[in-house]
Structure formats: structure tokens, C-alpha cells
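Encoded as C-alpha cells, the structure appears first; notes follow it.
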Protein chains: 2
Amino acid sequence: MNEGVEWAMHSCVNLNWIPDEAVTAKRLAAFYDLPTAYLNKQLQALTRAGILSSTSGPKGGFQLARPIERISLLDIVVAIDGPDEAFRCTEILRSGPNGDPKQDYVKTCVISQAMRQAELGYRRELAGRTIADIVAEVERTYPNAAESTRTWFANLKS
Amino acid sequence: MNEGVEWAMHSCVNLNWIPDEAVTAKRLAAFYDLPTAYLNKQLQALTRAGILSSTSGPKGGFQLARPIERISLLDIVVAIDGPDEAFRCTEILRSGPNGDPKQDYVKTCVISQAMRQAELGYRRELAGRTIADIVAEVERTYPNAAESTRTWFANLKS
DNA sequence: GGCACTGTACTCGGATATTAGATGTCCGAGTTAACCCGG
DNA sequence: CCGGGTTAACTCGGACATCTAATATCCGAGTACAGTGCC
């Protein structure tokens with residue numbers, strides 16, 4: 001899985017704490033000391049997926065495009081890592097002795113089914129957890145996180 | 001995920017149908033028209049994991065090292081793809097403003113927790129399904145699969 | 001003083017290198033079985 | 001005919017290329033603001 005998924009999730013949490021203001025990729029990258037241009041690339045992907053909205057020019061940057069209650073972890077994974085499943089059935093049975101060109105082995109192959117069911121549960125789990133849930137849990141465990149982050153961004157030079 | 005996982009699972013099913021005999025990588029590869037040497041590499045991994053046992057020389061080859069009831073899909077995934085999880089927490093928080101070198105962020109980071117829980121469910125699902133389950137389902141749906149496969153391997157030239 | 005225009009600095013966006021890992025290939029170590037030769 | 005030694009073929013095993021995709025970087029398009037000159 002792409003490393004940018006982790007960056008994107010943390011950045012979404014941070015963006016939630018800086019509302020009513022566009023935050024540049026440069027500032028978001030500085031927070032965790034990440035390569036600016038590469039993080040920018042990930043944020044672009046989130047923008048294309050409709051999770052963030054971007055504005056160019058001075059005072060430009062990124063901000064959340066919709067309420068965090070409607071941004072699931074799966075949304076972010078799909079935006080960054082693509083929609084493909086980890087296990088990709090290549091329909092190996094088609095090349096076998098009794099291979100039937102008309103059959104859809106992604107559906108009928110028992111192994112493909114089993115792998116798909118497992119991955120479906122995984123995705124359902126991620127789809128059921130939103131950034132809002134994450135934020136709530138963080139604020140519960142570390143009550144000063146929000147304020148601390150806000151002031152850090154406010155005091156950031158350049 | 002490595003493509004070899006699919007090959008390995010199908011090969012284990014086929015090996016189950018050819019008991020009391022070592023089957024060479026060459027023959028297993030011929031069944032699905034796969035690159036022999038590369039499949040051999042995957043079977044090596046299964047052997048290192050203790051899923052298969054291998055013998056060299058003429059009449060050599062691979063065979064299942066233990067009953068298929070005790071070979072889970074997770075065993076195969078781990079053997080081929082490695083034990084690492086898909087989402088690898090890089091402890092990004094450590095580089096943050098309040099990063100604590102003594103803290104284990106893999107454990108404490110809420111995002112890491114959420115991703116880990118989802119993946120744990122995925123792995124539990126795979127751990128709970130064995131090759132025996134797969135074989136049973138295949139034989140139920142396609143009753144002649146076992147016999148058909150056996151005769152194919154028996155009649156294979158070279 | 002106010003307003004329009006121009007220029008500049010700053011941002012995202014995508015095109016372009018670089019690197020790591022998956023994919024694919026090859027040859028050597030080891031082993032078995034067959035064959036040959038001698039008894 | 002039988003048994004032992006030799007040889008040769010066959011197999012796995014890991015070391016070695018190749019190729020795709022993730023990682024990282026750079027420069028251009030667009031935009032808002034500030035400064036400047038004109039009315």
C-alpha cells in the first residue's frame with residue numbers, strides 16, 4: 001500500500017483543525033517534515049476524488065471539501081491507492097485444461113470468491129470509519145491536540 | 001499483492017488431488033501455462049514456510065507437507081507476500097511538533113489503530129478458511145474436478 | 001484621494017527523473033535411477 | 001543371472017537480469033495581492 005495514504009489521513013485530520021482557511025502543501029508537509037512536492041501530489045489525488053478542494057495563488061492551498069463525517073478511511077485509500085483490490089484474480093483457470101472462454105472466473109473461481117470476501121470485510125470496516133471518528137478519538141485521548149496543532153500552524157514562519 | 005499468491009493457492013488445491021506422489025514445478029506450471037522457473041520460486045517459498053515438502057532429483061518434486069485442514073489461506077499469503085501488513089505505519093507523528101522518541105506510535109496513533117483493526121479482520125477471515133474448505137467447495141460445485149485433474153496429470157507427456 | 005492597471009510573488013498541477021520491488025531467467029548442487037560391467 | 005559401481009539425467013535452490021510501479025523532483029499555468037501611476 002502506498003505510503004501516501006498515511007500522510008493523507010493525518011493531513012485530513014490536521015485540516016479539520018484549521019477551518020475557514022486554505023492550508024498550503026508546504027505548511028502541511030512542514031508539520032511532519034515530509035517532502036513538499038510529493039505530499040502535494042497526494043493532496044492532488046484527494047482533490048480529484050472530491051475529498052479536498054484546492055485554490056491557487058497566494059492565500060491558496062487545500063481545505064476539506066465536505067464534512068468529515070462523510071469522509072471515510074476507505075475514501076482516502078481509494079483516492080490514493082486506486083480502486084483495485086490487493087488480490088487481483090487473473091483468471092488462471094481460463095488457461096487450464098478445461099478453460100471456458102465464456103466463463104467469468106472472477107465470479108466463479110472459489111479461491112477468487114474467498115479472497116474477495118475477505119477483502120470486502122476489510123473495505124467495509126474502512127468504509128464504516130470516518131475522519132470524524134478518528135478526530136473524536138484523538139480529542140478524547142489527547143484533549144490538547146486540536147489547540148496545540150492550531151497554534152503550531154499559526155506560529156509557523158514563512 | 002504478489003501474483004504468485006494466486007498460483008500458490010491453485011497449486012495447493014491441485015497437489016491435494018495428486019497424493020502419494022511428488023509433482024514437479026514443471027508439471028504444475030504446465031497445467032495453467034505459467035512460467036516454470038517463476039512458479040518454482042513461489043513453491044520454494046511455500047517449502048520454506050513448511051507448507052510443502054520438496055525432493056530433488058528424478059521422481060522429485062513438491063507435495064503437501066501437512067493435511068490441508070491445517071493450511072489456511074493466510075498461511076499462503078504470508079509465505080508468498082511476506083508477513084508485513086499492507087498499511088505500514090511509519091510513525092509519522094514522531095517527526096511532528098510534539099514527537100516523543102520514547103513513544104510507540106504504531107500502538108498509540110489512532111489512525112494506525114484503525115488501519116490495523118481493519119487489516120486484522122481481513123487476516124482473521126483468511127486464517128479461518130483452509131485449503132480443505134476450498135477443495136470441499138470446489139468438489140461440491142464441480143464434482144468431476146478432482147478426477148478430471150488427476151487424469152490430466154496422469155496423461156501429461158514429458 | 002480613489003481607481004484601474006501592471007507586475008510580481010506564490011500556489012497548485014502535471015510532466016519528468018530516480019529508485020525499489022516485483023517479475024522473469026539462468027546455471028549449479030544434490031539426488032535418484034538406470035545402465036553397464038564384472039563376477 | 002545377479003550385484004555393485006559409475007554415469008547421466010532430472011530436480012530443486014538460489015544467484016542473476018529485466019521491467020513495472022512507487023517515490024521523488026522540477027518547471028509551467030493560473031491567481032490574488034501589492035504597488036504604481038493616472039484621473
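Numbers restart at 1 for each chain; the letters A, B, ... are given by sequence-line order, proteins then strands.
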Go along nucleotides 16-24 of chain D 5' to 3' and tag each nucleotide: B for a protein heavy atom under 4.0 Å from its base, S when only backbone or sugar atoms are that close, - otherwise.
-------BB
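The nearest whole Å value for the distance from the CD atom in Glu6(B) to the C1' atom in dT23(C) is 15 Å. Taking atom NZ of residue Lys26(A) and atom C1' of nucleotide dT25(D), one finds them 16 Å apart after rounding to whole Å. Rounded to whole Å, the distance from CG on Leu39(B) to C1' on dT11(D) is 14 Å. Separating the CZ atom of Arg27(A) from the C1' atom of dT11(C) is a distance of 13 Å, rounded to the nearest angstrom. Taking atom CD on Gln63(B) and atom P on dC12(D), their separation rounds to 11 Å, with Å as the unit. Atoms NZ (Lys59(A)) and C1' (dT31(D)) sit 14 Å apart, rounded to a whole Å.
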Kindly indicate, with the supporting measurements, whether the criterion side-chain hydrogen bond (donor to acceptor under 3.5 Å, both in side chains) is fulfilled by Trp152(B) and Glu147(B).
CA-CA 9 Å; Trp152(B) 188 92; Glu147(B) 187 55 29; over 6 Å; no
Run the numbers on Ser11(A) and Asn14(A) for side-chain hydrogen bond (donor to acceptor under 3.5 Å, both in side chains), then give the verdict.
CA-CA 5 Å; Ser11(A) 293; Asn14(A) 284 340; 5.6 Å; no
Could you walk me through whether Val106(B) and Arg116(B) pass the side chain to side chain contact (heavy atoms under 4.5 Å, CB included) test, one step at a time?
CA-CA 9 Å; Val106(B) 176; Arg116(B) 220 131 77 102; 4.2 Å; yes
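Here dG14(C) is the nucleotide among dC12(C), dG14(C), dA9(C) with the atom lying nearest to any side-chain atom of Gln44(A). Comparing dT31(C), dC12(C), dA9(C) against the side chain of Asn40(A) picks out dC12(C) as the nearest. If you check dT31(D), dT11(C), dG13(D) against the side chain of Thr24(A), the one that comes closest is dT11(C).
Between Thr47(B) and Ala37(A), the residue whose closest nucleotide on DNA chain D is further toward the 5' end is Thr47(B).
Screening Val23(A), Leu52(A), Leu46(A), Thr24(A) against Phe62(A) for a side chain to side chain contact (heavy atoms under 4.5 Å, CB included) leaves a single residue, Leu52(A).
Taken to the nearest 0.5 Å, the CD1 atom of Ile51(B) stands 11.5 Å off from the CG atom of Leu15(B).
Ala25(B) comes within 4.0 angstrom of sugar-phosphate atoms only, judged by non-hydrogen atoms across all strands, and of no base.
In Arg150(B), the CZ atom is crowded: over 12 heavy atoms of neighbouring residues, nucleotides or ligands sit closer than 6.0 Å.
Residue Arg48(B) has a polar side-chain atom (N or O) positioned under 4.0 Å from OP1 or OP2 of dG14(D). Contact between the side-chain N/O atoms of Ser54(A) and the OP1/OP2 oxygens of dG13(C) is found at a separation under 4.0 Å.
Aromatic ring centres of Tyr32(B) and Trp7(B): separated by at least 6.0 Å.
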